[in-house]
Amino acid sequence: MNAPIGVFDSGIGGLSVLRALQKELPHERFVYLADNAYAPYGEKSEAFVSQRTHAAAEYLLARHQIKALVVACNTATAAAIQALRLQHPALPVVGLEPALKPALALSHTRRIGVMATRGTVGSEKFARLLSSVQHEAQFEVQACNGLALAIEQSTLPDQAEAAHAQIAHLVQTYTQAMGPFGSAPGEIDTLVLGCTHYVFVEQVLQQLLGPHVQLVSTGEPVARQTHRLLAAAERLNTEVAQESEQPMRLLTTGNLQGLQAAAQRWLNGTSEICQAVPASLALA
Ligand code: DGL
């Protein structure tokens, strides 16, 4: 099936998932929608995030005839994935959740840090996930207000310098609040990046926390899950296309320049078409 796979996030964070998807599924076409007009989602109400996620799904289905949807955003998944699946029963939908279970398999000290948005950590979905693993390790959960916004701003030339300073400050504050990191007993040896934006500050985090702390993100397992789901639904693309024939389509409801800069920096030089779409995502 030659239709594209839709990938959606509040902003540029989902590009970290798109990168893994491209690698896992090189013969597929992708259309990425960044809702930059309303990013970040993490500090907005669940009802609002759910409404935007539904609008994005409708838009991608109607305008791009997507054959599957990857909600490359933990916050939107927590707010809307259940309703989205009910609304579109024929559409394979892949969501994201903070990688608490994979972190359990990696941690020796049994003390695990979790960074995510306020929306994600305050959701019922996250509460269920946490209670299913809480007896196996000690989890230090930190809502990271402002961090996704600073990462968005770091792509805009006129805001980049201030944004980088803000990222350094927030990362320092939030990791300190979780507790000591390291590989000794009682220290946090594994940190879950529970927001797709945070993957882009991995280096800053690793430098701050030291080489022995393991950072866990979800791009690759999500890409593999998408592959499995497409295979099961017999929707994998069987025609091998040249990349030049199939440039990636990146859409934003907000600032085109920011998305372009982020794609150049983080998408390993693929050819892509960046387009602005109406913030309303209205179909008429
Ligand atoms: N990238 C998103 C996530 O994974 C949302 C960040 C935000 O918009 O606050 O949670």
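None of these values were measured; they are calculated from a predicted model. First listed ligand is number 1; within each ligand, the first listed atom is number 1.
A salt bridge does not link E24 with R224: every distance from a Lys NZ or Arg NE/NH1/NH2 to an Asp or Glu carboxylate oxygen is 4.0 Å or more. In this structure, K125 pairs ionically with E97, as a charged nitrogen and a carboxylate oxygen lie closer than 4.0 Å. With respect to the salt-bridge test (charged N to carboxylate O, under 4.0 angstrom), the residues K67 and E28 qualify.
Using the six-membered ring where Trp is involved, W266 and F200 have ring planes that are parallel, under 30° apart on the 30 and 60° scheme.
A side chain to side chain donor-acceptor pair (under 3.5 Å) check over residues 79-91, counting only residues at least two apart or in different chains, returns nothing.
Side-chain contact check for Q134 and E136: no donor-acceptor pair (N or O, by modelled atom type) lies under 3.5 Å.
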For ligand 1, what N or O to protein N or O distances fall under 3.5 Å?
unit_1, atom_1, unit_2, atom_2, d
ligand 1, 1 (N), D9, OD1, 3.1
ligand 1, 1 (N), T196, OG1, 2.8
ligand 1, 1 (N), H197, ND1, 2.8
ligand 1, 4 (O), N74, N, 2.9
ligand 1, 4 (O), N74, ND2, 3.0
ligand 1, 4 (O), T196, N, 2.9
ligand 1, 4 (O), T196, OG1, 3.3
ligand 1, 8 (O), S10, OG, 2.6
ligand 1, 8 (O), Y41, N, 2.6
ligand 1, 9 (O), Y41, N, 3.3
ligand 1, 9 (O), G42, N, 2.7
ligand 1, 10 (O), N74, N, 3.4
ligand 1, 10 (O), T75, N, 3.1
ligand 1, 10 (O), T75, OG1, 2.6

